[in-house]
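One structure is given here, and the rest of the page talks about it.
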Amino acid sequence: MNTVEKILTSRPLAAHSGSLKGLLCQELSECECEIKEDALGNLYFTKKFTEGKKVMLCTHFDVPGVIVTFVDESKIYVGGLGKADVRRLAYTKVVFDGICGILVVPEDYSSSTAISDCYVETYDKSACEKVTAGDKGYFDMPVYCYSENMYSGFGVPIRACIATLYKTAKEWFLHDSAEKAKKMGIGSLTVAFLGQSSLNSRGAFVASNVIQPDEIILISPFDTKKDTCGITKDTKAVVKMLDKAFVCDKELADSVCQYFEENSVSYKKAVNYDTDPALLALSRADSTPRCCEIGLPVFSSDMIFI
Amino acid sequence: MDFNFFDKDGLSLLESLCNSFGVSGYEHETAQIIIEKITPYCDSVMVDSVGNVIALKKGKGQGNKKIMLCAHMDEVGFAIKSINEDGTLQIDGVGMVSTVLPSKRVVVGKNRIKGVISARPVHLNTDKTKACEISDLVIDVGAKDKQQAQALDLLGEGACFESEFYTFGDGLVKAKALDDRIGCAILCMLTKESFDSDIYFAFTVGEELGGVGAAAATRRINPDFCIVVEGTTASDFDGAKEQDKVCSIRNGAVCPFMDGGTLYDKDLYTCIHEYANDNGIKIQVKTKIAGGTDAAKIQRSLEGIKTAVISLPCRYIHSSSSVAAIEDMQSMYKLISGVCKKLK
């Protein structure tokens with residue numbers, strides 16, 4: 001299994017992305033970049049070049065899961081680590097550090113049912129005794145691989161963004177990119193994985209204060225169900241030219257489009273789309289960075305094309 | 001020196017804090033009591049531009065971490081938004097739930113004008129199944145008409161419950177504003193102790209309005225760790241399922257792993273629970289992820305602050321008659337004091 005496949009099948013949870021962090025640190029350690037982690041669980045890889053602007057590329061680092069609130073003889077009561085549609089999660093397998101159970105939902109569950117209205121049934125008293133309040137659990141749902149570049153499954157879009165950023169970091173940090181950086185006026189490049197993203201983008205509030213970048217580019221899933229710009233499965237990226245909160249910088253978006261054109265990347269321009277909450281948080285740093293968002297097209301059933 | 005909430009002095013301090021007028025935006029009176037109490041024991045005490053009281057007690061050690069202890073001075077209450085023709089006052093709630101309000105006694109404004117929140121007679125209710133909204137309620141200050149009420153100059157003023165502080169039953173306290181005058185009381189008493197680390201005591205404003213004071217205080221202090229000292233909901237009613245109680249009085253201090261606004265720092269959470277367990281101090285977690293505290297703003301400030309919360313379980317929180325156990329207060333005090341000495 002290569003690193004991208006490992007990332008796509010990983011189980012990162014808010015403040016519990018340990019194994020994925022380890023994998024990224026290990027894979028990028030040979031790049032001689034500075035590695036840093038902060039109190040919110042944000043993970044940063046920074047490479048300094050010479051003179052120029054500070055650029056931060058970032059993406060969300062966790063997918064929704066559950067956290068234990070109370071345990072009785074066979075039931076594990078849980079709260080949501082991030083919001084998720086219970087209709088998709090009903091009766092799926094939940095794993096807490098090796099202890100497994102099934103997410104039981106109320107009989108009249110609907111789109112408004114919260115994870116905290118459900119519980120995890122283990123049918124095993126001894127298993128429950130090993131779980132304590134505060135333990136985190138992930139939804140053990142399958143990741144489907146239809147061909148070598150076609151994946152789908154719960155959480156796959158976020159993991160695909162992580163994999164994209166990992167590949168970008170490798171490209172920039174492993175090879176001699178000093179000339180490229182000089183040409184683009186980049187003095188330092190930070191690749192940041194934003195912790196607690198599924199919890200109202202909490203990590204994002206801190207990340208831009210830590211790095212104080214001049215420019216931020218957020219990579220996030222783009223739901224093609226809302227598409228009005230003609231995205232096909234050959235579209236590799238969507239550049240938000242104008243978002244509803246007016247956070248995306250037109251000039252920066254134009255330069256991203258120009259880069260895609262020069263490098264023959266198939267992309268579409270999107271106008272008047274919702275602003276990713278993480279980008280809103282990131283834009284509020286003291287350094288007043290210019291921001292841009294690149295969407296990774298996500299098709300039905302959380303399908304992505306690598 | 002161990003402070004004891006069973007002592008008359010401890011309860012007397014809590015009483016004066018609970019009885020003070022400190023609705024969000026009007027915390028001055030509470031701040032004055034605190035400044036008076038802590039000034040003799042701190043190296044510096046200042047009031048910042050938003051009204052936070054920030055005190056520093058320098059540690060005896062060298063190169064130690066900066067620890068911020070945070071308690072909010074403000075309480076839930078009302079703001080007077082207009083005066084009706086009959087002389088009653090139209091109100092907006094400040095962090096308030098309307099179901100606990102009808103017929104409660106209140107005091108309004110800087111002159112502490114006495115008043116009562118209206119209770120609509122049953123026969124005037126068109127929909128008897130509907131709970132009242134704050135917009136349905138008014139404060140009656142006894143004015144005979146609008147002109148007389150206007151003369152009291154109450155527009156834009158705050159109002160809070162008028163509620164007697166007393167001990168009752170088996171070691172319980174009843175008061176208004178236990179959330180978070182208990183935190184203020186504990187911080188005040190901790191200033192008398194000595195620590196190796198530098199301890200910053202932040203008495204914040206505006207927690208019930210979203211934590212404006214906490215954000216400002218954190219930016220000023222830039223601590224290595226922060227412990228928020230709070231009051232939290234105890235729903236330990238007869239018949240409630242264990243998983244729905246959130247926490248229970250007499251079960252010790254509450255140190256949650258998460259609430260509606262914050263996923264707390266795992267290392268700090270573990271450190272607090274280990275200290276409690278090693279020292280025989282009662283401690284509990286919340287069985288529901290609900291509510292929020294100043295911690296949400298603090299944790300996300302600057303480059304991210306390692307944050308935890310230690311709370312007092314309170315029944316009927318945000319009402320005129322919050323109830324809490326003195327033994328839980330004592331557990332909180334011992335726990336916070338011990339953890340501050342342990343963190344280095």
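A note on names: the letters A, B, ... follow the listed sequences, proteins ahead of strands, and every chain is numbered from 1.
Closest approach of A/V206 and B/Q299 over heavy atoms only: CG2-O, 4.0 Å. Smallest separation of non-hydrogen atoms from B/F257 and A/V68: CZ-O, 2.9 Å. The two residues A/A39 and B/D265 come nearest to each other via the heavy atoms O-OD1, 4.4 Å.
Around the NZ atom of B/K66, the shell of radius 6.0 Å holds more than 12 heavy atoms that belong to other residues, nucleotides or ligands. No more than 12 heavy atoms of other residues, nucleotides or ligands shown are found within 6.0 angstrom of NZ on B/K65. Within a 6.0 Å radius of CG in A/D124, other residues, nucleotides and ligands contribute more than 12 heavy atoms.
Only the backbone of B/K286 comes within contact range of chain A, with heavy atoms under 4.5 Å apart. Heavy-atom distances place the side chain of B/Y269, and not its backbone, under 4.5 Å from chain A. Of the two parts of A/V71, neither the backbone nor the side chain holds a non-hydrogen atom closer than 4.5 Å to a non-hydrogen atom of chain B.
Taking CD of A/Q196 as the start and CG of B/L263 as the end, the distance is 4.5 Å to the nearest 0.5 Å. Taking OG1 of A/T132 as the start and NE2 of B/H273 as the end, the distance is 10.0 Å to the nearest 0.5 Å. Within the model, atoms CE of B/M258 and OG1 of A/T69 stand 10.5 Å from one another, a figure rounded to the nearest 0.5 Å.
Of the listed residues B/D267, B/I289, B/T287, the one with more heavy-atom pairs under 4.5 angstrom with chain A than any other is B/T287. Chosen from A/I211, A/I67, A/D38, A/L199, the residue pairing most often with chain B at heavy-atom distances under 4.5 Å is A/I67.
Of the candidates B/Q243, B/E242, B/K241, B/K288, A/Y77 forms a side-chain hydrogen bond (donor to acceptor under 3.5 Å, both in side chains) with just one, namely B/Q243.
Sorted by first and then second residue, the side chain to side chain donor-acceptor pair (under 3.5 Å) pairs with a member in residues 246-255 of chain B form an empty list; sequence neighbours excluded.
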